[in-house]
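Just so it is clear: chains get the letters A, B, ... in the order the sequence lines come, proteins before strands, and each one is counted from 1. Hydrogens, waters and symmetry mates are skipped; everything else that's a heavy atom, side chains included, is used. Predicted model, so just to flag it, every value in this text is computed and none were measured.
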Number of protein chains: 2
Amino acid sequence: MTEEHPPFHTEGCLAVSRVLARIGDKWSVLIVMLLAGGPRRFNEMKRMVDGISQRMLTLTLRGLERDGLVSRTVYPSIPPRVDYELTPLGHSLREPVMALGQWAQANLAYIAEAQAAFDRRGGAPEAAPAPAQRPR
Amino acid sequence: MTEEHPPFHTEGCLAVSRVLARIGDKWSVLIVMLLAGGPRRFNEMKRMVDGISQRMLTLTLRGLERDGLVSRTVYPSIPPRVDYELTPLGHSLREPVMALGQWAQANLAYIAEAQAAFDRRGGAPEAAPAPAQRPR
DNA sequence: CTGGATCCCCCCTGATACTG
DNA sequence: CAGTATCAGGGGGGATCCAG
């Protein structure tokens, strides 16, 4: 690594950022989790994810394919058929992602509560006439 | 079950998405990793992160605070002093994030290679010779 | 069925200036 | 030092049409 690191240079923080820049978008993780169950076709995935636009599905798959996380197999049949599948690298990503998922599930309620408490004590008084008042 | 789940309903996929929506932004993880070393002051962090704007630092800290990952302590001294610190919840997030970091570091080279290969075989031949495009 | 191309809106983000 | 307010630009993302 001949690169300049921030002063604190925690191992992995920059790497995490780069990974997050890739899978931190709205759909990538969902796709990876979906493909964890086996190869899927385009429209099949589109139906399953529900909410994703065709454009975003295409772009997301492109990105994942580019990063070597997903493989794309075209069967020149009629009608055309394209299978998307997790590569070994893609599968390996599942582990840390699942770990994050465990954490998320274990703490979702806690986070929700924290948010509610924060909002309650004037964290975001957007809809309130709250005077400029500082909690002491 | 009162809620409608996507067909594949892998445990954690939705939870992961929500967490990612929170920490998947450009700075949150960096801040969390930074605060892992102990409490920090505002400008101190601004200097350390390098590249973050004052606005983004404020917004990121707000979000983390709202989610209960970071605590904010104001010392009514002169000059004013505000310490940001990881809450226990914030610290617990470090574990899965570090796991992701491990993965990232272990596979960054692989990913870079995959990207290069993808681009090489015409994955993104976007040198498109300006199609006669007319803005309305 | 797969997915490229286009239009368009909104939010994220950065830069700057100002307040306590 | 620690923020808030405001403005401007870019890009993410949805809807739609069209092509192979």
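Contact between the side-chain N/O atoms of A:K26 and the OP1/OP2 oxygens of D:dG14 is found at a separation under 4.0 Å. Taking side-chain N and O atoms only, B:Y84 has a distance below 4.0 Å to OP1 or OP2 of D:dG3. OP1 or OP2 of D:dG14 lies within a sub-4.0 Å distance of a side-chain N or O belonging to A:S53. Within the 4.0 Å cut-off from OP1 or OP2 of D:dC1, not a single side-chain nitrogen or oxygen of B:R41 is found. Proximity of B:R62 to the phosphate of D:dT4: a side-chain N or O atom is located under 4.0 Å from OP1 or OP2.
Enclosure of atom CD in A:E44 by more than 12 non-hydrogen atoms of other residues, nucleotides or ligands within 6.0 angstrom is indicated.
Distance A:L30 CG to D:dG13 P: 13 Å, rounded to the nearest Å. Regarding A:I52, its CD1 atom lies at a distance of 12 Å from the P atom of D:dA15, rounded to whole Å. Atom-to-atom, CD1 of B:I78 to P of D:dC1 comes out at 15 Å; the value is rounded to the nearest Å. Taking atom CG of A:L61 as the reference point, atom P of D:dG13 lies 14 Å away to the nearest angstrom. Rounding to whole angstrom units, CD of residue A:Q54 and C1' of D:dG20 are separated by 13 Å. The separation between B:L59 atom CG and C:dG14 atom P is 10 Å, rounded to whole Å. At whole-Å resolution of the value, CZ in A:R55 and P in C:dC9 are 15 Å apart. In this entry the distance linking CE of B:M56 with P of D:dG10 reads 17 Å, nearest Å.
In this structure the side chain of B:V97 never reaches within 4.5 angstrom of the side chain of B:V32, judged on heavy atoms.
Between the side chains of B:Y84 and B:R40, no donor-acceptor pair is found at a separation under 3.5 Å.
The hydrophobic clustering, which links ILVMFWY residues whose side-chain heavy atoms are closer than 4.5 Å, places B:L35 and B:V74 together.
Ionic pairing of B:D119 and A:R66 is present here: one or more N-O contacts between side-chain nitrogen and carboxylate oxygen are shorter than 4.0 angstrom.
Where A:W27 and B:D83 each meet DNA chain D at their nearest nucleotide, the meeting point lying more 5' is that of B:D83.
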